[in-house]
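Report on the structure given below.
Since this is a predicted model, take the numbers as computed values, not measurements.
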Amino acid sequence: MTHLCLVRHGQTNWNLHGKLQGQTDIPLNENGKLQAEECREYLKMEKWDVLITTSLMRASKTADIINEALDLDIVLMDQFKERFFGLGEGLSREEREKNYPAFIFPEMETYNELVDRVQGGLREIQLQFPDKKVLVVAHGAVISAILKEFLEKDKKSEHLKLFNGCLSHLHFKNNRWSVHSYNEVGHLSEHA
């Protein structure tokens, strides 16, 4: 069985202020670094085989901090890069609701494009790392899309507000991914 732990990157100032990041490359803030350290302290209690991250600095820095205790080779996989929100990137919640109430922005990546990209990444993990324990540091919309695809039907209607630094666990067994747990935040001193 392949065990996948999805780690949402630590907080950035844009997260803090409710700005839509998408693929805009925003660094972690001090609280985000603390969240990454708290993830590290929790995740080091288990043995992991591989650590995957995206090239966006908020994810790669989170992965670097976690890896201080794990000492794994870091694999770059941009299939798990955040959704591209086009002209919505950088807008505050208020600006988005006023100008784009349907949450559809010019030039944005469609949901189906996002799912196809992420599914390709999951297939690659299963091909490269079968029966391994895999950490993936990724982004809110990406993790949410994965959870929506594989959550049991009765939970799919839930709105997934994923906290920075949260952990979500999936298992690949009998040729399919299943969600074991999601949005775990017990290891964080504050949920932001």
Side-chain angles (χ1 to χ4, degrees), residues 4-29 31-32 35-36 39 52-64 74-126 134-153 155-168 170 177 179 182-185 191-192:
L4 181 65
C5 177
L6 300 167
V7 181
R8 186 176 179 209
H9 63 78
Q11 185 186 68
T12 69
N13 283 338
W14 280 23
N15 289 136
L16 182 63
H17 299 297
K19 288 186 168 189
L20 188 60
Q21 288 178 125
Q23 294 185 5
T24 305
D25 208 3
I26 305 299
L28 295 179
N29 62 21
N31 191 46
Q35 290 166 333
C39 286
I52 295 170
T53 187
T54 74
S55 61
L56 293 175
M57 69 176 105
R58 59 191 183 268
S60 63
K61 181 64 174 176
T62 300
D64 287 342
I74 295 181
V75 178
L76 186 69
M77 287 183 69
D78 273 341
Q79 292 95 322
F80 300 104
K81 195 182 233 186
E82 183 59 291
R83 184 177 183 182
F84 179 60
F85 288 105
L87 299 184
E89 295 190 10
L91 298 181
S92 68
R93 183 177 311 282
E94 185 179 275
E95 291 168 323
R96 295 191 306 269
E97 288 172 356
K98 179 182 173 196
N99 298 318
Y100 304 101
F103 203 77
I104 297 172
F105 311 105
E107 303 172 25
M108 78 184 282
E109 182 178 22
T110 69
Y111 182 74
N112 288 339
E113 289 168 339
L114 171 67
V115 168
D116 287 347
R117 171 165 62 83
V118 171
Q119 290 280 15
L122 291 173
R123 283 190 296 274
E124 193 168 321
I125 285 173
Q126 192 47 36
V134 181
L135 284 170
V136 178
V137 180
H139 306 267
V142 167
I143 296 170
S144 182
I146 292 170
L147 294 174
K148 285 179 185 172
E149 289 298 304
F150 299 110
L151 270 175
E152 296 169 20
K153 286 184 176 63
K155 294 181 180 166
K156 284 191 180 188
S157 60
E158 291 180 18
H159 174 70
L160 295 175
K161 163 67 174 110
L162 298 171
F163 292 102
N164 289 105
C166 74
L167 307 176
S168 300
L170 287 84
W177 289 102
V179 178
Y182 62 96
N183 208 19
E184 291 180 5
V185 293
H191 315 154

Q: Decide side-chain contact (heavy atoms from CB on, under 4.5 Å) for L122 and F80; before the verdict, give the C-alpha distance in whole Å, the side-chain angles of both, and the deciding distance to 0.1 Å.
A: CA-CA 9 Å; L122 291 173; F80 300 104; 4.2 Å; yes
**Q.** Nearest heavy-atom neighbours spanning D25 and S55
**A.** OD2-O, 4.4 Å
Q. Does T54 use its side chain to pair, donor to acceptor, with the backbone of A138 at less than 3.5 Å?
A. no
Q | Distance under 6.0 Å and angle within 45° of ring axis: K161 vs F163 | A | yes
**Q.** Minimum heavy-atom distance M108-F103, with the two atoms named
**A.** SD-O, 3.9 Å
(Q) For the CG atom of L162 and the CG atom of N164, what is their distance to the nearest 0.5 Å? (A) 9.5 Å
Q: Nearest 0.5 Å please: distance from the CZ atom of R58 over to the CZ atom of R8.
A: 8.5 Å
Q: Determine, step by step, whether D64 and I74 satisfy the side-chain contact (heavy atoms from CB on, under 4.5 Å) criterion, reporting the C-alpha distance in whole Å, the side-chain angles of both residues, the deciding distance to 0.1 Å, and the verdict.
A: CA-CA 8 Å; D64 287 342; I74 295 181; 3.5 Å; yes
Q) Tell me, do T53 and T62 make a side-chain contact under 4.5 Å, heavy atoms counted? A) no
Q | V115 versus A145, closest heavy-atom pair with distance | A | CG2-CB, 4.4 Å
Q | Closest non-hydrogen atom pair between R83 and A141, with its separation | A | CB-CB, 4.1 Å
Q: To the nearest 0.5 Å, tell me how far Y182 OH sits from L170 CG.
A: 11.5 Å
Q | Side chains of Q21 and E82, donor plus acceptor under 3.5 Å | A | no
Q. So, Q23 side chain and K81 main chain: donor-acceptor pair closer than 3.5 Å or not?
A. no
Q. Between F84 and F105, is the ring centre distance below 6.0 Å?
A. no
Q | Smallest separation among heavy atoms of C39 and G165, with atom names | A | SG-O, 3.3 Å
Q) Do the non-hydrogen side-chain atoms of I125 and V136 ever get within less than 4.5 Å of each other? A) yes
Q: Please round to the nearest 0.5 Å and tell me the distance separating atom CD1 of I26 and atom CG of L56.
A: 9.5 Å
Q: For side-chain contact (heavy atoms from CB on, under 4.5 Å), just list the numbers for R96 and F85, CA-CA rounded to whole Å, side-chain angles, deciding distance to a tenth of an Å, and then say yes or no.
A: CA-CA 11 Å; R96 295 191 306 269; F85 288 105; over 6 Å; no
Q. Judged by modelled atom types alone, do N31 and Q11 share a side-chain donor-acceptor pair under 3.5 Å?
A. yes
(Q) If we ignore hydrogens and angles and just use 3.5 Å, is the side chain of N15 paired with the main-chain N or O of T12 as donor and acceptor? (A) yes
Q) Is the number of heavy atoms from other residues, nucleotides or ligands under 6.0 Å of I104 CD1 greater than 12? A) no
Q | Close side-chain approach of H17 to S92, heavy-atom, < 4.5 Å | A | no
Q | Shortest non-hydrogen contact between V118 and Q79, atoms and distance | A | CG2-O, 3.7 Å
(Q) Let me confirm one number: the CD-CD distance from Q119 to E149, rounded to the nearest 0.5 Å. (A) 5.5 Å
Q. Once the angle between the rings of H139 and H9 is folded into 0 to 90°, is it parallel (under 30°), tilted (30 to 60°) or perpendicular (over 60°)?
A. tilted
Q. So, the side chain of S168 versus the backbone of N183: is there a donor-acceptor pair under 3.5 Å, distance only?
A. yes
**Q.** Point-to-point distance, once rounded to the nearest 0.5 Å, from CD1 of I146 to CG of L151
**A.** 11.0 Å
